[in-house]
Each structure stands twice: as structure tokens, then as C-alpha cells.
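This report refers to the structure that appears directly beneath it.
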Amino acid sequence: MGDSRPGVAATLRALNGALGRPAALWVKERGARNLRHRDFLAPRAALSAAFPGGQVPPEAVSAVPSLRGPAVLPLRVCRQTPAGLAVQVRRPEAFQRLLGPLPGPAPPAAGTRTGCVVLHCPALRGAAALRPRHLRSALLADHLAQLLRAQGVGVHLVPALTEERSWDVLRQLRICWPSDSPSSSLTDAVSALKAALGRCPCAAACEQGPGTAEGVIFKVHLKSFVEQQGLVGYDPNLDVLLVTEGILWSLAELQEAVLQCPVSDAPALPASHFPSSSCCSIIHVVNCEEEFQQQQLDVLWRILDPGAHTALQKHLVCGPVKVTNPSSPIGADQYFQLRKCQMYEASVIKYGELAQDEAWTEVIDTLTVAAIRFEMLSTAHRSQITLDLENNSISTKGTKSGAFVMYNCARLATLFDTFQRAVERGTYPPLPPVSELNFSCLREEGEWLLLFNYLLPFPEVMQQAAQLPPPSKGIRITVNTETVCKFLIQLSMDFSSYYNRVHVLGEPFPHLFDQMFARLQLLGAVRDVFHSALATLHLPPLSQI
């Protein structure tokens, strides 16, 4: 094994450095056809822009195969082709270096802090019935929380769920959200916010009487504050906010979550009305129909607590969820039950009476959760989702569904269970240590495809999915969490194609064991990737389908 796990980014940096140009000239190939001839390419057009006549100095070309580095893939050859400068990897060595234990997130460097994020999902507040659009923002917040935690970031979820309403649909979808009763500290925080409103020049107290909306205790002029502070990205229609006690409870809960973040070295701004706290990031995960109300809350919090943390508020806005031809507005619980019935029917069609066994109840529940999570999370959060509830769009066969991903994960479980039982019977010897395997036996193009397109970039895919954009003046941010679902779907398609084509567990002849063991090691790493990615979706791997 090498000193460090190879990575795509490190290899591309080394290749670009070898040509002595600051521009990113190289690309990683991923298509099966191109991977038969090359693994990395510096396209002819890019070379023409970087070098006179597109001619790379021969000494630079000859130096490429000797590139070394702790995370650089071992390179075999670099040659000029009509498409550009092409590089191939020393594949047996790459298999050897990549097929060890799947690494976790790199530990933070000494003296660095991993940070803290407060994820606020307003859809989980109040007594209104949850709709599919609310589920989308809740599922996104839940998924983003898991991705951030996997990278070592502290996450606090707000609001805490109260016992006064049923949250069965969240539990059924395996959304892990905190629940709690209102604490005395929240009551104190609400009192502090009321006192701050009383001192605020933008606010005026409201006496209850004719013409005053019930529950309104203050009127706050938001627009003048936004203009004075030069805030960018807010709706121009923000004007007067009628503040109720419920709004202050929302702010108090956000404030308490901020105070629970680890204290940073930076002191809170003196103007803050509240105790010093870390300058953690605050992300409001909100559907587009409720974005305006959340902007109002955002500005009110800035007015009442002009500390560093309120200035770091950002809005992660989900696009609309369109339901085709609903006979009446559909609730989140109805949506879940409909998808569950459809999954049961699809399973009976495919597996017959077997799917009607009680043991399959948990399998169908998991397939339903997978189907809904992929339906909601495989599209970029800012784009519209269309739910076709009339036609049975849930299938165990479709290659782009969560059920298809779970099916292929179960195929891997069955493969290793079959192998283990064969070992116990004495049909095969146990799988040897990685250091004793002969990876030169892996010559099928699907094997390199699985390693190069999935095992190699997997840690970087997870890092990019959890990456929050750098600070900016606007209030909206975009994240790329959908890449996890898309990665799993594409992995499932390529694994399925390989598995249908290749007989992994061959005849028990000693001369065939080298290839079988190398393939099992490869597929064991693929299984680990499935499990790690599915964990960010709160989906347990299935042992059968």
C-alpha cells in the first residue's frame, strides 16, 4: 500500500504542475470508451491556448510518468495523440493502493477548528399540516446535516420538535430531528428579546384593541433597517413586520442553538445584546413559498442582535414541489402512504408471494424511504420537482430510483453472504490479506470503471457535497447535495452492468482463485462506498431483496 490514498485533485495538480502552466489543462476521463486508451487528457484546444502551436516541450512530456506524490496516482505513460496529451495509470498498482480500508474524513490540522453550523428548517414549526414541499426542505436539511457531520463539522438542528403534534411521517422517513420541551432559558431569552424591542428605534409597541391583529405585540420597520445597513439580496417588499410572541420564540430558539456552538477565539461584537458566542454559520433551509417570511425573521434578528453570528445568516431555498392533478391538497403523510402502497404493489409484481411475507415489511419500508429520498434529493434543491401521484412512478426496475440503488446494495450483500457460506463449507479458502492479492488479474473494463470513477473520487465527492460557499454579500446560497444521489445511481448502473456480465464466484479451482479474490476485494470496497453514502441519507443497507 502507498503512504497515502491517491486522489483525483492531487493527481490533476501534479499533472498541471508538470507542464509548468498555472491553468488547469488536464481532465479526468470517465467514459468506458475513452478509458480503454487513456485515463487523463490535456485536450488539444487547451494545449494550443497554453503553448505556442500547441507543442508541449518534450522534456515536460517525458517527465510526466515519473510524477510522484503522497496522493498522486502511479502513472505509466504520457503520449501525444490527436485528441491531445494522454496519460495512462499503472492500473495494478492503483488497485493495490486504493483497495485498502475506506478512509474516513481527514483529521483537522493541529490548531484548526472544524466549525459549527446551525441548520434551521422553518417548515417544522407551527401546527400546520406538513405538505410534500415541507418534506423537501426537511429532507434536505437532514441530509446536509449528515454530510457536514461526516466532514467533522458540528451541526445543531432547529427547531426542536414539540410533543403537541404527531411527527410520524418524519420518523417513517428516518429524519433524525431533535425533540424537546420549551426550557426556562428560552422563556428568559424571549423576555430579553421583548426588552430589546422596547429599546429599538425601528419598533413600536402595539396595544391590543380594535384594528390590532390578535397576538401582535410590536410593529417593526424592516425596510429602513435594510436600507441603512446596505443589506443585499432581500425582497424589496419587506416593510413592516407585525411581531408576535411566536416569532420571538423562534428567534430565541435560534439564539440558544448559536450559544451551544463551541466558543471561537473571535469575541462577539460589543453591540450584541446577548452573551458572547461563536461566529457559527446559520443556514435557513426553506421552501420558496415561505422564503419571504424567513427573510422577515432574518432582518428582525439582525435588528435585535447585531452580533457577528446574525450577519452570517444564509438562506438555502428549495424550489417548488408540483403535484400533478391532485384531487385535493395532499399531506406529507398521505404522500408517504401512497408511495408505500405503490412500492408494495411493485414488489409483489416482481417477487410474487415472497414480498407478501411479514419479513418483507421492513424491506418495503426501507425501499419506500429510499424512493422518496431519491425523488426529493436527486434534483438540485433550487429546481422544481414534479410528483406524479396518479401513475405508479415507483418501480423496483427503474435505473434512476432509490429502490434500484438499494437493490444493487442488496446484491452485494447476497454475494458476500454466499461466499462466506461457501468458505464455511470448505468450497473456497478465506479471502487473503490485501497485500497477498494479485490485482493484475483485474483486466475487465468494468473493474477499472468501478475503481476509477467511484472508489477513487468518492472522498472528494462527499467533501464537495458538504461544501458551503464562501462568505458573500447576498443571502442565498447553493449547495450540491444532489451529487450524492446521482453518484449512487450512476454507481448502481455501472455495478449492475458489470455484475450481470461477470461471474464473480467461479468454479472452486485453485488457478481461478487469484482473479476471484481480487474481484471480491474490489466489490468489498464498492460495498463500503454504498454503505457510507447511504448513511448520509439515513438508509440502512439491505441484506435481501
Full working for side-chain contact (heavy atoms from CB on, under 4.5 Å) between Tyr407 and Ser496: CA-CA 10 Å; Tyr407 167 68; Ser496 182; 5.6 Å; no

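- With hydrogens and angles ignored, the 3.5 Å screen pairs a side-chain donor or acceptor of Glu447 with a backbone N or O of Arg443.
- With contacts defined as side-chain heavy-atom distances shorter than 4.5 Å, the pair Leu367/Leu542 qualifies.
- Without hydrogens or angle criteria, His381 side chain to Thr481 main chain gives no donor-acceptor distance under 3.5 Å.
- Judged as a ring pair (Phe, Tyr, Trp, His ring centres under 6.0 Å), and not counting sequence neighbours, Tyr234 has no contacts.
- Between Gln96 and Val434, the closest side-chain pair of non-hydrogen atoms falls below 4.5 Å.
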In a table with atom names and distances, give each donor-acceptor pair under 3.5 Å that connects a side chain of residues 503-513 to protein atoms at least two apart or in another chain.
| unit_1 | atom_1 | unit_2 | atom_2 | d |
| --- | --- | --- | --- | --- |
| His503 | NE2 | Leu505 | O | 2.9 |

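- In this structure the side chain of Val369 reaches within 4.5 angstrom of the side chain of Leu539, judged on heavy atoms.
- Listed for the Ser281 side chain is no donor-acceptor partner under 3.5 Å among the backbone atoms of Val117.
- You'll find the side chain of Lys28 reaches within 4.5 Å of the side chain of Arg30, heavy atoms only.
- Applying the side-chain contact (heavy atoms from CB on, under 4.5 Å) criterion to Gln467, with sequence neighbours excluded, gives Gln464.
- Within the 4.5 Å cutoff, side-chain heavy atoms of Leu537 are placed close to those of His143.
- The CG atom of Leu534 sits 10.5 Å away from the OG1 atom of Thr366 when rounded to the nearest 0.5 Å.
- Looking only at side-chain heavy atoms (C-beta outward), Leu377 and Arg136 stay at 4.5 Å or farther from each other.
- Using a distance-only test at 3.5 Å, with no hydrogens or angles considered, no donor-acceptor pair links the side chain of Ser497 to the main chain of Met493.
- For the residue pair Arg411 / Asn408, a side-chain donor-acceptor distance below 3.5 Å is found, with atom types taken as modelled.
- A donor-acceptor pair under 3.5 Å is formed between the side chain of Trp26 and the backbone N or O of Leu15.
- Asp298 places no side-chain N or O within 3.5 Å of a backbone atom of Gln294 that could act as its donor or acceptor partner.
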side-chain contact (heavy atoms from CB on, under 4.5 Å) assessment of Tyr454 paired with Gln490: CA-CA 9 Å; Tyr454 303 103; Gln490 196 62 50; 3.0 Å; yes

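- Counting only heavy atoms from C-beta outward, the side chains of Val77 and Val87 never approach each other to under 4.5 Å.
- To the nearest 0.5 Å, atoms CG (Leu451) and CG (Leu449) are separated by 10.0 Å.
- For His315, the ring pair (Phe, Tyr, Trp, His ring centres under 6.0 Å) criterion is met by His284, not counting sequence neighbours.
- The side-chain hydrogen bond (donor to acceptor under 3.5 Å, both in side chains) search around His134 returns Glu290, not counting sequence neighbours.
- Glu375 places no side-chain N or O within 3.5 Å of a backbone atom of Leu387 that could act as its donor or acceptor partner.
- A heavy-atom distance below 4.5 Å is not found between the side chains of Leu316 and Val286.
- Every residue was checked against the side-chain hydrogen bond (donor to acceptor under 3.5 Å, both in side chains) condition with Arg382, not counting sequence neighbours, and none meets it.
- Leu450 pairs with exactly one of Val529, Leu455, Leu456, Leu523 by the side chain to side chain contact (heavy atoms under 4.5 Å, CB included) rule, that one being Leu523.
- With sequence neighbours excluded, the residues forming a salt bridge (Lys or Arg N to Asp or Glu O under 4.0 Å) with Glu444 are Arg501, listed by chain and number.
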Begin with the C-alpha distance, continue with both residues' side-chain angles, and end with the deciding distance and a verdict on side-chain contact (heavy atoms from CB on, under 4.5 Å) for Leu119 and His156. CA-CA 6 Å; Leu119 291 180; His156 292 275; over 6 Å; no

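- With values rounded to the nearest 0.5 angstrom, Leu157 atom CG is found 11.0 Å from His120 atom NE2.
- Proximity of a side-chain donor or acceptor of Asp417 to a complementary backbone N or O of Ala413 within less than 3.5 Å is not detected.
- Within the 3.5 Å criterion, the main-chain N or O of Phe374 finds a donor-acceptor partner in the side chain of Ser378.
- For Gln515, the side-chain contact (heavy atoms from CB on, under 4.5 Å) criterion is met by Cys441, Arg519, not counting sequence neighbours.
- Remark: Gln55 engages no residue in a side-chain contact (heavy atoms from CB on, under 4.5 Å) (not counting sequence neighbours).
- The side-chain contact (heavy atoms from CB on, under 4.5 Å) check on Glu93 picks up Pro74, Arg90, Arg97, with sequence neighbours excluded.
- A salt bridge does not link Asp39 with Arg76: every distance from a Lys NZ or Arg NE/NH1/NH2 to an Asp or Glu carboxylate oxygen is 4.0 Å or more.
- Shown here are the ring pair (Phe, Tyr, Trp, His ring centres under 6.0 Å) partners of Phe495, two or more places apart in sequence or in another chain: Tyr499.
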Take Ile385 and Lys322 through the test side-chain contact (heavy atoms from CB on, under 4.5 Å) and record every step on the way to the result. CA-CA 6 Å; Ile385 292 175; Lys322 180 182 177 184; over 6 Å; no

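- Applying the ring-ring contact (aromatic ring centres under 6.0 Å, His included) test to pairs two or more places apart or on separate chains, those with a residue in residues 431-452 are Phe40-Phe452, Phe95-Trp448, Trp448-Phe452.
- The main-chain N or O of Leu73 is found under 3.5 Å from a side-chain atom of Thr11 such that the two form a donor-acceptor pair.
- Note that CG of Leu139 and CG of Leu173 are 5.5 Å apart. Values are rounded to the nearest 0.5 Å.
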